[in-house]
Amino acid sequence: MAWPHRPDNWRENARPAQQAFAKLAVAIDEVTPVIMCAPPEYYEHARGVLADSVDVIAIASDDSWIRDIGPSYVVNSNGELRGVDWPFNAWGGVVNGLYDSWDQDDALADALLTLRGEGRYRAPLVLEGGSIHVDGEGTAITTAECLLHPGRNPELSQDEIRDFLVEYLNVEKVVWLPNGLYNDETNGHIDNILHFVRPGVVVLTWCDDESDPMYDISRSALDVLEAETDAQGRSFAVHKLPMPGPLFMTAEEAAGVRGSNGMDRSAGRRLAASYTNFLITNGRVIFPLLDPHHDDEVAAILSELFDDYDVIGVAAREILLGGGNIHCVTQQVPATSYLLG
């Protein structure tokens with residue numbers, strides 16, 4: 001994880017978000033050790049807020065979306081672990097990046113891997129970890145809205161981007177959904193509309209309100225998934241997760257955020273809220289509590305799908321206010337001895 005601190009993204013100088021991150025870290029740390037990356041100037045503060053069992057390390061960052069700025073880990077058949085270090089440009093660079101300077105975010109993966117003594121691949125593709133999901137058996141799923149956006153790799157064709165994904169993720173097939181979640185400022189990251197349960201089984205954000213833009217987006221995604229197979233030739237089993245809300249930023253929440261040229265944090269702005277933005281960790285699934293009308297229903301669905309896991313919800317509106325959720329602010333590090341049996 002990485003410590004939130006931007007006053008133009010998080011309200012009240014990120015204090016409410018920091019409390020939410022701390023509670024999420026505890027929920028993870030009960031089953032999986034947590035490392036929190038904190039900029040040096042925030043190290044002592046983070047250390048004081050976080051549980052003693054959470055390891056805090058000093059690494060500079062521009063913001064706290066570790067899924068997107070941290071390494072995506074790969075493991076080979078010999079149990080060797082390396083991190084894929086994707087170039088990062090704040091979700092769009094000069095075209096529509098969310099902030100003007102992202103050098104520290106782009107450097108974080110290298111700094112973290114160096115500190116931990118882990119190998120590194122610097123990929124030739126601007127990409128964020130939240131824009132890809134893999135099943136561990138040769139299949140990646142992404143969205144055309146994000147990976148083909150002119151703010152990422154305008155010089156590359158869809159086939160060329162696919163080839164880089166195949167090479168750097170060691171997958172055999174890439175499935176492209178048309179769009180991600182409505183009004184997602186990441187240009188439609190896959191983790192806000194879909195998540196793998198296991199190979200061949202996914203959950204999909206679903207909307208039944210015909211007047212909502214997500215109505216058509218959900219159905220277009222389902223059409224693709226029903227027409228596709230994964231790398232092993234399996235048809236996808238698709239389980240629908242209800243869309244929370246829709247949820248909107250309140251005037252009080254917006255008033256606590258410093259103005260920004262790149263990020264819209266105005267009152268009444270529709271939030272990119274989704275229950276698919278959850279974390280699978282050791283024996284536990286941690287999902288965002290977002291809407292009392294749907295939280296219990298989602299817990300029941302996930303508990304049935306992940307019947308060998310402890311499914312718990314964590315209050316996550318403060319994370320949502322910054323533009324993402326639980327999956328976005330976490331990044332798992334494989335235990336190679338476990339993967340090798």
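A quick note: this is a predicted structure, and the numbers were derived from the prediction, not measured.
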**Prompt:** side chain to side chain contact (heavy atoms under 4.5 Å, CB included) with Asp110: which of Thr114, Asp106, Leu112, Leu108?
**Reply:**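 Passing option: Thr114.
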**Positive for side chain to side chain contact (heavy atoms under 4.5 Å, CB included) with Phe21, one of Val329, Val49, Val26** =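 Of Val329, Val49, Val26, side chain to side chain contact (heavy atoms under 4.5 Å, CB included) with Phe21 is met by Val329 alone.
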**Message:** Under 6.0 Å from the ring centre and within 45 degrees of the ring axis: does the NZ or CZ of Arg219 meet both conditions for the six-membered ring of Tyr215?
**Reply:**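 Yes.
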**Request:** Find out whether the Lys NZ or Arg CZ of Arg284 is both under 6.0 angstrom from the six-membered ring centre of Tyr309 and within 45° of the ring's axis.
**Result:**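 Ring-cation test returns no.
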**Request:** Would you indicate whether the side-chain heavy atoms of Asp191 and His133 approach each other to under 4.5 Å?
**Result:**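 SC-SC contact between His133 and Asp191 confirmed.
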**Message:** Centre-to-centre under 6.0 Å for Trp65 and Trp10, is that the case here?
**Reply:**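 Judged by ring-centre distance (under 6.0 Å), Trp65 and Trp10 do meet the cut-off.
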**Message:** Using the ring centroid of each side chain, check whether His327 and Phe278 are separated by less than 6.0 Å.
**Reply:**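 Centroid distance His327-Phe278: not below 6.0 Å, so no.
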Can a side-chain donor-acceptor contact be found between [Y] and [X] if the only test is distance below 3.5 angstrom?
X	Y	answer
Gln18	His45	yes
Glu145	Asn187	no
Asp105	Tyr99	yes
Asp209	Ser211	yes
Asp295	Tyr275	yes
Thr205	Ser274	yes

Can a donor-acceptor pair be found, under 3.5 Å and without considering hydrogens, that links the side chain of [X] to the backbone of [Y]?
X	Y	answer
Asn192	Ala272	yes
His5	Ser61	yes
Thr139	Ala231	yes
Thr142	Trp176	no
Ser131	Leu127	no
Glu297	His294	no
Lys173	Thr229	yes

**Message:** Angle between ring planes, Phe88 versus Trp91, binned at 30° and 60°: parallel, tilted or perpendicular?
**Reply:**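 Ring orientation of Phe88 relative to Trp91: perpendicular.
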